[in-house]
Each structure stands twice: as C-alpha cells, then as structure tokens.
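As the structure is a computational prediction, the values presented were derived from the model and not from experiment. Lettering follows sequence order; numbering is per chain, from 1.
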2 protein chains.
Amino acid sequence: MPAGLTAAETRQMQPNVNRAECPSRLVLEHVTSRWGVLVLAALLERSYRFSELRRQIGGVSEKMLAQTLQALERDGFVRRDAKPVIPPRVDYSLTPMGHEVAEQVWTLTRWVEGRLDDVFEAREAYDGARAS
Amino acid sequence: MPAGLTAAETRQMQPNVNRAECPSRLVLEHVTSRWGVLVLAALLERSYRFSELRRQIGGVSEKMLAQTLQALERDGFVRRDAKPVIPPRVDYSLTPMGHEVAEQVWTLTRWVEGRLDDVFEAREAYDGARAS
DNA sequence: CAGCATCCAAGCGGATACTG
DNA sequence: CAGTATCCGCTTGGATGCTG
C-alpha cells in the first residue's frame with residue numbers, strides 16, 4: 001500500500017484492492033476456492049492428467065480447471081509435467097509445499113464434514129426462531 | 001440431490017447447484033470467505049460489537065459484514081447477543097464450535113503467511129519462465 | 001447504533017468454438 | 001489431448017438511503 005494514503009483513498013483509486021491488501025488472502029483464496037479444494041484433495045491421493053482430473057472432480061468446466069491449476073502452479077503448490085508427445089500428455093502433482101497445504105485444507109474439510117450435523121442443527125434452530 | 005437424475009440434469013434445472021452438491025462446501029465457504037476469515041480471526045481474541053468489528057477489520061461494507069455474521073451465526077459458529085437498549089447494542093462472539101474452526105482457519109492463515117516468501121519465489125520463477 | 005432494501009458495476013464462471 | 005479465446009448470464013459485493 002502506497003504511503004501517505006488512507007485505506008479508503010487507496011481503495012477508491014483501485015477498486016477491489018481489498019483482495020490485494022493482504023497478499024496471503026489471495027493465496028488462501030486459491031487453495032480454498034470452490035475448485036482449489038477439490039483439486040488439492042484429488043492430488044493428495046495421486047497425480048492426475050488434465051481430463052482425468054476433470055472427470056474425477058466432476059462438474060468443473062475446462063476453463064475453471066485450467067485456471068485453478070494455473071493459480072496453484074504459479075503459487076508453487078502444483079507441479080505441471082508436460083510430456084512432449086503426440087497426443088499431448090500433462091501430469092499434475094503436488095509439490096512438497098502443495099502437499100502441506102493440501103493436508104491442512106483436507107483436515108479442515110474433514111472437520112467441517114464431521115460437524116455437519118451440528119451445523120444443520122444450528123441452522124434449524126436459527127431458521128425456527130425466525131419463522132415465529 | 002434428487003434420485004433418478006444425473007448431476008448434469010440437476011445442474012441444468014438449478015444453475016450453480018455445484019455449490020450445493022456438497023453441503024460441506026457451503027459451510028467451508030462461509031468460514032474461508034473473504035470476510036469470514038477476518039471475522040473469525042478477530043473474534044478469536046475477544047467479542048466485538050458490530051461497528052467495532054467493522055472498524056477493526058477495515059474495508060468491509062456493512063452489507064458484507066452483516067451477511068458474513070449472519071451466515072456464521074446460522075451455521076452455529078457465532079453467537080449474537082442483542083441487548084434491548086437504546087441505542088441498540090449487539091455483541092458478537094464465538095461459540096465453542098466456532099472457536100474450533102476459527103483456530104483451524106487461523107492456523108491455515110498463519111501457515112500461508114509463513115510460506116509467502118516461498119510462494120512469491122515460485123511466482124517469480126513461473127512468471128520468469130513465461131516472459132522468455 | 002445496528003441493520004435492511006434497493007440499485008448498479010464488476011468479475012466469476014459456464015458454454016462454445018478453435019488451436020497446437 | 002490439453003488447452004486458449006470469446007461471449008454472456010448471473011452472482012458477488014459496494015454505495016446509498018431508510019428504519020427501529
């Protein structure tokens with residue numbers, strides 16, 4: 001953030017700078033994004049080829065998968081292995097650092113899944129209180 | 001997901017059902033969302049009033065803060081204490097379950113922050129290779 | 001103060017078509 | 001096969017104005 005400017009002023013000059021205000025948030029968004037979580041989870045088991053991964057995850061468009069993989073590769077979480085053969089073959093796998101985040105995100109995911117019942121219960125209580 | 005329909009058919013009937021395909025993803029998005037992370041992190045230290053929290057976080061609109069807090073309250077992560085006084089006073093704090101997620105998310109955030117250097121290094125390598 | 005309702009711009013994400 | 005490029009609808013999210 002440039003010196004001599006308030007956060008509000010900076011934000012006005014450059015909309016959506018909030019995302020960039022905290023660099024770690026961008027990285028966090030990559031790994032916790034809709035498809036990022038699923039990609040990391042899949043790669044935690046083994047390496048995948050592009051469309052293999054696409055089928056495995058299910059419901060993800062080419063565009064989003066490519067975008068997600070590029071972000072994760074650029075951040076150093078995913079390794080891209082392009083074999084110069086015809087037809088092209090590209091393998092995606094986790095880097096050591098990627099393996100670390102993947103496990104953390106996976107742990108968090110598992111925790112959430114394990115607490116789903118409690119969450120649903122809380123929701124019913126919340127919605128019930130509102131209905132009256 | 002209704003029986004007798006493929007994922008594709010369901011998706012066509014109800015766009016963006018991907019989000020709902022996996023209930024835990026919705027919960028995960030609440031706690032890892034742009035503002036969710038910051039709210040949980042703040043409440044990890046102590047309870048806050050609405051605009052106090054707004055100032056503390058900085059850069060969040062009323063709308064988004066209210067939305068974030070409601071989602072977290074409905075999921076059972078945040079407790080809302082509205083005192084029937086004039087002017088209104090509302091305190092937000094973490095529930096025991098909220099405290100658990102907050103710590104996990106906070107751990108993940110800290111991990112990311114600690115690895116930021118590695119990420120930036122990876123990015124430079126990635127961008128450098130592309131520039132050629 | 002704490003929030004809801006409305007409006008509107010920006011960008012996320014899907015479908016499609018095309019390339020190496 | 002593994003993408004890139006383009007178009008476009010819908011949601012996200014900010015600004016503003018109003019209520020209890």
Side-chain angles (χ1 to χ4, degrees), chain A residues 7-21 25-26 29-30 32-39 47-74 78 80-92 130, chain B residues 7-21 25-26 29-30 32-39 47-74 78 80-92 130:
Chain A
E9 282 165 339
T10 309
R11 206 171 309 118
Q12 203 156 25
M13 304 170 35
Q14 191 180 346
N16 252 350
V17 71
N18 282 325
R19 290 200 126 79
E21 263 171 19
R25 270 217 59 75
L26 276 172
E29 275 175 16
H30 293 160
T32 63
S33 69
R34 167 119 63 92
W35 306 117
V37 179
L38 300 176
V39 166
S47 73
Y48 278 91
R49 299 180 58 183
F50 187 84
S51 28
E52 202 183 15
L53 193 54
R54 192 153 128 69
R55 278 189 300 274
Q56 170 69 18
I57 290 180
V60 60
S61 65
E62 281 181 11
K63 180 188 171 183
M64 289 316 296
L65 182 57
Q67 212 171 89
T68 302
L69 284 169
Q70 277 171 24
L72 292 176
E73 185 198 356
R74 196 171 99 98
V78 162
R80 182 177 180 276
D81 248 15
K83 268 97 175 177
V85 297
I86 305 288
R89 176 190 179 91
V90 182
D91 285 309
Y92 290 95
R130 291 241 143 178
Chain B
E9 281 166 338
T10 309
R11 207 171 308 121
Q12 203 158 25
M13 306 170 33
Q14 191 178 349
N16 251 352
V17 71
N18 282 325
R19 290 198 126 79
E21 264 171 18
R25 269 216 60 75
L26 276 173
E29 274 174 19
H30 292 162
T32 63
S33 69
R34 170 124 58 100
W35 306 117
V37 178
L38 301 177
V39 166
S47 73
Y48 278 91
R49 298 180 58 184
F50 188 83
S51 28
E52 201 182 16
L53 194 53
R54 191 154 129 69
R55 279 189 300 274
Q56 169 71 18
I57 291 180
V60 60
S61 65
E62 279 182 14
K63 181 185 169 183
M64 289 316 298
L65 183 56
Q67 213 171 87
T68 303
L69 283 170
Q70 277 171 23
L72 293 176
E73 185 197 356
R74 195 171 100 98
V78 163
R80 181 177 181 276
D81 249 14
K83 268 98 174 175
V85 297
I86 304 289
R89 176 190 178 92
V90 182
D91 284 311
Y92 291 94
R130 290 240 142 178

Q: Among residues 81-89 of chain B, which ones have heavy-atom contacts with DNA chain D below 4.0 Å?
A: B/Pro88

Q: Let me check the geometry of the helix from C/dC1-D/dG20 to C/dG20-D/dC1. What is the bend angle between the axes at its two ends, five pairs each, to 10°?
A: 50°

Q: Just compare D/dA2, C/dG3, C/dC1 and give me whichever is closest to any side-chain atom of B/Phe50.
A: C/dG3

Q: Which pairs pass salt bridge (charged side-chain N to carboxylate O under 4.0 Å, His left out) with one or both residues in residues 50-67 of chain A, sequence neighbours excluded?
A: A/Arg46-A/Glu52

Q: Just to confirm, is there a sub-4.0 Å distance from OP1 or OP2 of C/dC1 to any side-chain nitrogen or oxygen of B/Tyr92?
A: no

Q: Please state how far atom CG in A/Leu69 lies from atom P in D/dG3, giving the value in whole angstrom units.
A: 8 Å

Q: Return the CZ to OG1 distance between A/Arg25 and B/Thr32, rounded to the nearest 0.5 Å.
A: 8.0 Å

Q: Could you work out which one of D/dG3, C/dG3, C/dG14 sits closest to the side chain of A/Met64?
A: C/dG14

Q: Say you draw a straight line from CG of A/Leu72 to CD of A/Gln67; how long is it, rounded to the nearest 0.5 Å?
A: 11.0 Å

Q: To the nearest Å, how far apart are A/Arg25 CZ and D/dG13 C1'?
A: 14 Å

Q: Examine D/dA2: is either OP1 or OP2 under 4.0 Å from a nitrogen or oxygen in the side chain of A/Ser51? Give yes or no.
A: yes

Q: Tell me which nucleotide among D/dG13, D/dC7, C/dC4 gets nearest to the side chain of A/Lys63.
A: D/dC7

Q: Do A/Val60 and A/Leu38 have side chains that get closer than 4.5 Å, going by heavy atoms?
A: no

Q: Quick one: A/Gln67 CD to C/dG11 C1', roughly how many Å, whole number?
A: 11 Å

Q: Round to a whole Å and report the spacing from OH of B/Tyr48 to C1' of C/dA2.
A: 18 Å

Q: With rounding to the nearest 0.5 Å, note down the distance linking OG in A/Ser51 to CD in A/Gln56.
A: 12.5 Å

Q: Is A/Arg54 touching bases, backbone alone, or none of the nucleic acid, heavy atoms closer than 4.0 Å?
A: nothing

Q: What's the spacing between A/Leu53 CG and A/Thr68 OG1 if we round to 0.5 Å?
A: 9.5 Å

Q: Who pairs with B/Asp91 by side-chain hydrogen bond (donor to acceptor under 3.5 Å, both in side chains), at least two apart in sequence or on another chain?
A: B/Lys83, B/Arg89

Q: What is the separation between atom CG on B/Leu65 and atom C1' on D/dA15, rounded to the nearest whole Å?
A: 16 Å

Q: If you round to the nearest 0.5 Å, how far is OH of B/Tyr48 from CG of B/Leu65?
A: 12.0 Å

Q: Calculate the interatomic distance between A/Arg34 atom CZ and C/dG13 atom C1'; express it in whole Å.
A: 7 Å

Q: Picking from C/dC1, D/dG3, D/dG14, which would you name as closest to the side chain of B/Arg49?
A: C/dC1

Q: For the pair made of CH2 in B/Trp35 and P in D/dT12, what is the distance, rounded to whole Å?
A: 16 Å

Q: Nearest to the side chain of B/Glu62, heavy atoms from C-beta on, is which of C/dG3, D/dT4, D/dA2?
A: C/dG3

Q: Take the protein atom CG of A/Leu26 and the nucleotide atom P of C/dC12, then report the distance between them rounded to whole Å.
A: 10 Å

Q: Taking only residues two or more places apart in sequence or in another chain, which ones pass side-chain hydrogen bond (donor to acceptor under 3.5 Å, both in side chains) with B/Arg74?
A: A/Asp127

Q: Identify, with sequence neighbours excluded, every residue that meets salt bridge (charged side-chain N to carboxylate O under 4.0 Å, His left out) alongside A/Arg80.
A: none

Q: Is A/Gln70 near enough to D/dG3 that one of its side-chain N or O atoms lies under 4.0 angstrom from OP1 or OP2?
A: no

